[in-house]
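Structure record follows, encoded as structure tokens.
Residues take their numbers from the sequence shown, with the count starting at 1. It should be emphasised that the depicted structure is a prediction, and the values quoted were computed from it without experimental measurement.
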Amino acid sequence: GRLPDGRRVTSRGTRQLIEYEIDLEGWENRTWETPKNGPPTSRYFAVNVRDSDLSQRLGLRGPAWLGMARDSLFVLTREERPKPVLVVPLNHIFKYGKDVDVFSVEIGAVSPKFPGVLFFHINRADDAFDTLHKYSMAWGGAPARGPRA
């Protein structure tokens, strides 16, 4: 069946998979399965990493999966078997925000390459914002300077 946001749910054996038809540059006109290698409570968003000082320092650009879990935010490659390229504990996220099709995250000093801001072109910015807000509040570690809408 289909979910209200256009995702399609299919079953394979005992597992349910959520598939997306993604309308973002670089994601081609095909259906993508969400990654399966994260924590069970993870939410995934198809994104294009936009250029910023931090994305350049980390070598992040182009299509990727943005993942969120109860204790971290992570970026995965878009490959058939996605690999993590960045994992940030929620207590290192200072601010996050959204615009019509952009989701941004300000990250603090996780390593010498930080701090900085990452920008993601995304079709579901409201959903990403709400998910990160829910996880950060449930974790008890609201961002140091709070969300910005």
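When all heavy atoms of Val117 and Leu54 are compared, the pair lying nearest together is O-CB, 3.6 Å. Heavy-atom minimum distance, Pro82 versus Thr77: CB-O, 3.2 Å. Contact record, Phe94 with Gly108: CE1-CA, 3.4 Å, taken as the closest heavy-atom pair. Here the closest non-hydrogen pair linking Phe103 and Gly97 is CD1-O, 3.2 Å.
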From CA spacing to verdict: side chain to side chain contact (heavy atoms under 4.5 Å, CB included), Leu58, Val49: CA-CA 11 Å; Leu58 297 172; Val49 180; over 6 Å; no
Side chain to side chain contact (heavy atoms under 4.5 Å, CB included) between Val88 and Val75, intermediate numbers included: CA-CA 9 Å; Val88 179; Val75 178; over 6 Å; no
Side chain to side chain contact (heavy atoms under 4.5 Å, CB included) between Val87 and Ser72, intermediate numbers included: CA-CA 7 Å; Val87 178; Ser72 61; 4.2 Å; yes
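In this structure, the side chains of His133 and Asp130 stay at 4.5 Å or more apart for every pair of heavy atoms. Two residues are said to be in side-chain contact when any heavy atoms from C-beta on lie closer than 4.5 Å; Pro84 and Phe74 fail this criterion. Side-chain contact between Pro115 and Ile107: absent, with no pair of heavy atoms (C-beta onward) separated by less than 4.5 Å. Looking at Leu76 and Tyr44, their side chains come closer than 4.5 Å, going by heavy atoms from C-beta outward.
Among residues two or more places apart in sequence or in another chain, the side chain to side chain contact (heavy atoms under 4.5 Å, CB included) test is passed with Ala125 by Lys98, Ile122. With sequence neighbours excluded, the residues forming a side chain to side chain donor-acceptor pair (under 3.5 Å) with Asp101 are His121, listed by chain and number. Legend: residues meeting side chain to side chain contact (heavy atoms under 4.5 Å, CB included) with Thr131, ordered by chain and number and at least two apart, are Arg43, Phe45, Met68, Asp127, Tyr135.
Residue Glu106 holds its CD atom at 9.0 Å from CZ of Phe119, rounded to the nearest 0.5 Å. In this structure, CE on Met137 lies 12.0 Å from CG on Leu90, to the nearest 0.5 angstrom. Rounded to the nearest 0.5 angstrom, Asp51 CG and Arg61 CZ are separated by 7.0 Å. Distance check, rounded to the nearest 0.5 Å: CG of Leu73 to CD1 of Ile93 gives 4.5 Å. Remark: Asp99 CG to Asp126 CG distance equals 10.0 Å, nearest 0.5 Å.
The backbone N or O of Arg50 lies less than 3.5 Å from a partner atom in the side chain of Ser55, making a donor-acceptor pair.
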